[in-house]
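Each chain gets a letter, A, B and so on, in the order the sequences are listed, and its residues count up from 1.
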Protein chains: 2
Amino acid sequence: MSAPGDITEVMALDRLVHEPARLLILAVLSGAKLVEFGFLEQVSGLSKGNLSSHMSKLEAGGLIEVKKSFRGKRPLTELCITPAGRRALANYRRQLATVMQGIPAPAAPTKRRREE
Amino acid sequence: MSAPGDITEVMALDRLVHEPARLLILAVLSGAKLVEFGFLEQVSGLSKGNLSSHMSKLEAGGLIEVKKSFRGKRPLTELCITPAGRRALANYRRQLATVMQGIPAPAAPTKRRREE
DNA sequence: TCAACTAGTTTGTAATGCAAACCTATTTGC
DNA sequence: GCAAATAGGTTTGCATTACAAACTAGTTGA
């Protein structure tokens, strides 16, 4: 289908997953059954608003499920990744591996450290 | 600085490089001294307009250099990656490697394909 | 001459990422 | 008891973006 390390594969990356904020969310979710909104907010450093909107997009895409309930008397939003979400993440990871083969590693990680 | 495979590193990805179209351009450029606009257009599958604007952004960011000349009587635009571009690409690659460690590989790529 | 092609650039637009402002309910200070 | 602060999010507004359609400028073919 594609040559090993075919860099053009990069164009097929799932944009829903490719966005750093959402990739982070998915990665965190993939390591737990259920994650609280507030926890994600802290881990990710995203603002509530930003997190909320990324959450909605992932939910709309079927990659995560959002459960709303109450802890005591306060609202509590929890997220979990769906099977489709896991597949999307695994697939993204695969594509990323392919893409990385298409990006040349620096010839020699020489001792000189570049300043930019 | 960051734990091995720290997934929050994903938030530090260089957006100029992270965009698939531009990553593709950079990857192609990294493997040649000089690449023609038309060649990139075909390899990437990008429209001329899209390619042109990504090219401008990469140039504005100092990651590539654009040389305009003539071949016979027709205009010819050629691109080449700059040292800064190479560094940015190498750095991106490094970060990507870190990020990938934070994305769990599917436990076992079992033979059964599930649908939900 | 004029249509069609080459080689790109500019323009228009829909979608995106982001945070400020907002909303609703609870808790705390006095 | 009630104003202010806090918790837990959502909605709105905005600046940026990716993308292709339309355009520009020159060239070749008939």
Side-chain angles (χ1 to χ4, degrees), chain A residues 8 10-29 34-61 63-80 88 92 99, chain B residues 8 10-29 34-61 63-80 88 92 99:
Chain A
T8 66
V10 78
M11 296 306 289
L13 287 171
D14 182 348
R15 306 295 275 238
L16 189 55
V17 180
H18 191 60
E19 166 64 28
R22 286 189 299 257
L23 180 53
L24 174 52
I25 293 171
L26 287 175
V28 172
L29 291 193
L34 218 54
V35 173
E36 296 180 16
F37 186 98
F39 176 74
L40 263 179
E41 187 189 352
Q42 301 197 23
V43 165
S44 65
L46 297 169
S47 65
K48 290 180 196 303
N50 200 0
L51 176 53
S52 178
S53 78
H54 283 306
M55 184 178 77
S56 296
K57 279 177 190 174
L58 287 171
E59 188 182 20
L63 303 196
I64 70 169
E65 202 179 332
V66 178
K67 313 185 188 222
K68 288 164 194 249
S69 59
F70 284 85
R71 175 163 49 196
K73 307 212 165 177
R74 294 185 172 290
L76 175 64
T77 299
E78 290 166 305
L79 297 76
C80 79
Y92 180 79
V99 165
Chain B
T8 66
V10 79
M11 297 305 291
L13 287 171
D14 183 348
R15 305 296 276 238
L16 189 56
V17 180
H18 190 60
E19 167 64 28
R22 286 189 298 259
L23 179 53
L24 175 51
I25 293 171
L26 289 175
V28 172
L29 291 192
L34 216 54
V35 174
E36 296 181 16
F37 186 98
F39 176 74
L40 263 180
E41 186 189 353
Q42 300 198 22
V43 164
S44 65
L46 296 169
S47 66
K48 289 180 195 303
N50 200 2
L51 176 53
S52 177
S53 78
H54 284 305
M55 184 178 78
S56 295
K57 278 176 192 175
L58 287 170
E59 188 182 22
L63 304 196
I64 69 169
E65 200 178 335
V66 177
K67 311 184 189 225
K68 288 164 195 250
S69 60
F70 285 85
R71 176 163 48 196
K73 306 211 164 180
R74 297 189 170 288
L76 174 65
T77 300
E78 290 165 305
L79 298 76
C80 77
Y92 180 79
V99 165

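For Leu76(A) and dA25(C), the CG to P distance is 17 Å, given to the nearest whole Å. For the pair Arg71(B) CZ and dC5(C) P, the interatomic distance rounds to 19 Å; values are reported in whole Å. Taking atom CE of residue Met11(A) and atom C1' of nucleotide dC19(D), one finds them 10 Å apart after rounding to whole Å. Summarising the geometry, the separation between CD on Glu41(A) and C1' on dT6(D) is reported as 13 Å, rounded to the nearest angstrom.
Within the 4.5 Å cutoff, side-chain heavy atoms of Val66(B) are placed close to those of Lys68(B). No side-chain heavy atom of Leu13(A) sits under 4.5 Å from any side-chain heavy atom of Val17(A). For the pair Val28(A) and Phe39(A), the minimum side-chain heavy-atom distance is below 4.5 Å.
Of the two residues near DNA chain D, Arg15(A) and Lys68(A), the one whose nearest nucleotide lies more 5' is Lys68(A).
No side-chain donor-acceptor contact under 3.5 Å links Ser52(B) to the backbone of Lys48(B).
Within residues 20-29 of chain A, no residue has any heavy atom closer than 4.0 Å to DNA chain D. Residues from residues 45-55 of chain B placing a heavy atom under 4.0 Å of any atom in DNA chain C, listed by number, are Lys48(B), Gly49(B), Ser52(B), Met55(B).
Pairing each heavy atom of Met11(B) with each of Ser44(A), the nearest pair is CG-O, 4.3 Å. In terms of heavy-atom proximity, Arg22(A) sits nearest to Arg15(A) at NH2-O, 3.2 Å.
Within the model, atoms CG of Leu40(A) and OG1 of Thr77(A) stand 11.0 Å from one another, a figure rounded to the nearest 0.5 Å. For the atom pair CG (Leu46(A)) and CG (Leu24(A)), the distance works out to 6.5 Å, reported to the nearest 0.5 Å. A distance of 9.0 Å separates CG of Leu51(A) from OG of Ser56(A), quoted to the nearest 0.5 Å.
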**OP:** Quick one, give me the B/S/- string for nucleotides 23-30 of chain D, reading 5' to 3', where B means a protein heavy atom under 4.0 Å from the base and S means that only happens at the primed atoms, P, OP1 or OP2.
**Re:** ---BSS--
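Among the heavy atoms of the strands lying under 4.0 Å from Glu19(B) are primed sugar atoms or P, OP1, OP2 only; no base atom is included.
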**OP:** Step by step, work out the salt bridge (Lys or Arg N to Asp or Glu O under 4.0 Å) result for Lys67(B) and Glu36(B).
**Re:** CA-CA 10 Å; Lys67(B) 311 184 189 225; Glu36(B) 296 181 16; over 6 Å; no
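Residue Val35(A) forms a side-chain contact (heavy atoms from CB on, under 4.5 Å) with just one option from Ile25(A), Leu29(A), Val43(A), Ile64(A), and that option is Leu29(A).
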